[in-house]
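What follows is one structure encoded as structure tokens, with my remarks underneath.
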There are 2 protein chains.
Amino acid sequence: MLSKKTKYGLKALTYLASQQENTPVQISGIAQHENISQKFLESILLSLRKTGFLGSKKGKGGGYYLIKDPKEILMTDVMRVLEGPIAMVPCVSLNFYEKCDDCPDEATCSVHRLMLEVRDSALEVYRSRTLADLIS
Amino acid sequence: MLSKKTKYGLKALTYLASQQENTPVQISGIAQHENISQKFLESILLSLRKTGFLGSKKGKGGGYYLIKDPKEILMTDVMRVLEGPIAMVPCVSLNFYEKCDDCPDEATCSVHRLMLEVRDSALEVYRSRTLADLIS
DNA sequence: TAATTACCCTATCTATTTAGTAGGATAAAC
DNA sequence: GTTTATCCTACTAAATAGATAGGGTAATTA
């Protein structure tokens with residue numbers, strides 16, 4: 001299941017990308033427009049800023065804004081920051097690899113090989129899509 | 001993340017499918033061979049029996065066995081029983097559809113459209129694979 | 001038919017994660 | 001120096017995952 005964090009994060013990013021001008025948008029505005037708890041959204045936007053997707057401005061007229069061109073923002077990067085690993089098991093993860101403690105041999109593990117295919121198919125989608133594609 | 005239930009279930013099914021003869025295999029045997037908690041595996045096998053994948057036999061010489069040919073067991077069906085929906089959000093699920101309460105319009109929802117693509121790509125994998133493919 | 005074997009079923013428990021809340025600190029604008 | 005809006009830490013309720021416990025039931029075999 002996709003977490004609310006990811007869902008809200010994607011909606012917020014899309015909303016920012018759909019703005020005519022890239023001027024700061026307040027959290028409250030995004031929260032209202034996208035039906036998101038403001039405080040929860042606050043923490044999500046904060047993490048998107050810390051990971052280099054958003055810039056922020058304090059005080060009056062402040063808010064969040066996109067740092068990069070939506071066309072340059074790959075879904076792979078967004079998903080990894082918001083949701084974490086794209087793979088469904090750590091042993092097939094490119095960026096969050098971890099060995100299974102119960103599995104003696106990855107090469108012969110049926111789950112490993114199936115999940116490798118699933119990961120690749122998901123990656124294909126995320127790699128081919130940018131934030132610009134999400135705007136309706 | 002793939003749940004342990006699904007992981008163990010897949011491993012158990014693969015193990016049963018890899019047997020020379022389709023005679024009952026005891027839970028304890030599967031648990032040992034696949035490094036799974038026996039009691040936990042018990043409940044997983046029970047659900048696989050109730051959903052028509054496995055048959056069981058009580059008493060001495062008893063155990064679990066496959067009811068169908070591994071080639072006839074699609075990963076889509078196995079995954080839906082073990083893991084639940086293949087979609088990452090209920091609003092793009094074929095078998096577990098649910099409307100989002102926060103989203104006014106699915107057609108214009110950025111998350112909806114992205115997750116539709118991800119679901120389709122996963123479905124493509126699961127539909128093209130059977131239990132027979134998992135045997136190494 | 002009595003003992004053994006192995007599945008069947010319900011209940012309970014603990015740790016972790018998720019989603020959201022509270023409250024104030026900090027910095028920019030006017 | 002007051003208002004505005006982000007920044008940051010901590011806390012909490014609820015749900016879920018992943019077991020574990022303990023006995024019930026049915027089939028086999030002697």
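If you're wondering where the values come from, they're calculated on a predicted model, not measured in any experiment. Side chains included, hydrogens not; waters and symmetry mates left out as well; all remaining heavy atoms used. Below, chain A is the first sequence line, B the second, and so on; all start at residue 1.
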Using whole Å, what does the distance between atom P of nucleotide D:dC7 and atom CG of A:Leu41 come to?
12 Å
Say whether B:Met88 and B:Leu116 are linked into one hydrophobic cluster, either directly or through other cluster members, by side-chain heavy-atom distances under 4.5 angstrom.
yes
May I ask you to test the A:Thr76-A:Arg80 pair for a side-chain heavy-atom distance under 4.5 Å?
yes
Residues forming a side-chain hydrogen bond (donor to acceptor under 3.5 Å, both in side chains) with A:Glu34, sequence neighbours excluded:
none
Measure the distance from OH on A:Tyr64 to P on D:dT4 and round it to the nearest whole Å.
19 Å
State, yes or no, whether a side-chain contact exists between A:Met1 and B:Pro90 at a heavy-atom distance under 4.5 Å.
yes
Sorted by number, the residues of residues 17-33 of chain B with heavy-atom contact under 4.0 Å to DNA chain D:
none
Check A:Val92 against A:Arg119 and note the closest heavy-atom contact, atom names and distance.
O-NH1, 2.8 Å
Can you list, by residue number, the residues of residues 84-96 of chain A that have a non-hydrogen atom closer than 4.0 angstrom to DNA chain D?
none
How would you list, by chain and number, every residue that makes a ring pair (Phe, Tyr, Trp, His ring centres under 6.0 Å) with A:Tyr15, sequence neighbours excluded?
A:His33
Would you tabulate the nitrogen or oxygen pairs shorter than 3.5 Å linking the protein to nucleotides 26-30 of chain D?
{"unit_1": "D:dA26", "atom_1": "O4'", "unit_2": "B:Lys58", "atom_2": "NZ", "d": "2.9"}

Are A:Tyr65 and A:Ile36 connected into the same hydrophobic cluster when the rule is that any two of I, L, V, M, F, W, Y join if their side-chain heavy atoms are below 4.5 Å apart?
no
State, yes or no, whether a side-chain contact exists between A:Leu10 and A:Met79 at a heavy-atom distance under 4.5 Å.
yes
Taking side chain as C-beta onward, heavy atoms only, is B:Ser37 less than 4.5 Å from B:Lys4?
no
Kindly give the heavy-atom pair with the smallest separation between A:Ala31 and A:Leu41, and that separation in Å.
N-CD2, 3.6 Å
Check: A:Lys39 side chain, A:Ser43 main-chain N or O, donor-acceptor pair, under 3.5 Å
no
Treating A:Asn35 as the side-chain partner and B:Asp102 as the backbone partner, does any N or O pair qualify as donor plus acceptor under 3.5 Å?
yes
Using the side-chain contact (heavy atoms from CB on, under 4.5 Å) rule, pick out the option among B:Leu131, B:Val78, B:Ile67 that qualifies with B:Phe53.
B:Val78
Please encode protein proximity along nucleotides 9-20 of chain C as a string of B, S and -, counting only heavy-atom distances under 4.0 Å.
B---------SS
B:Leu54 has an atom CG; how far is it from atom P of C:dC7, in whole Å?
12 Å
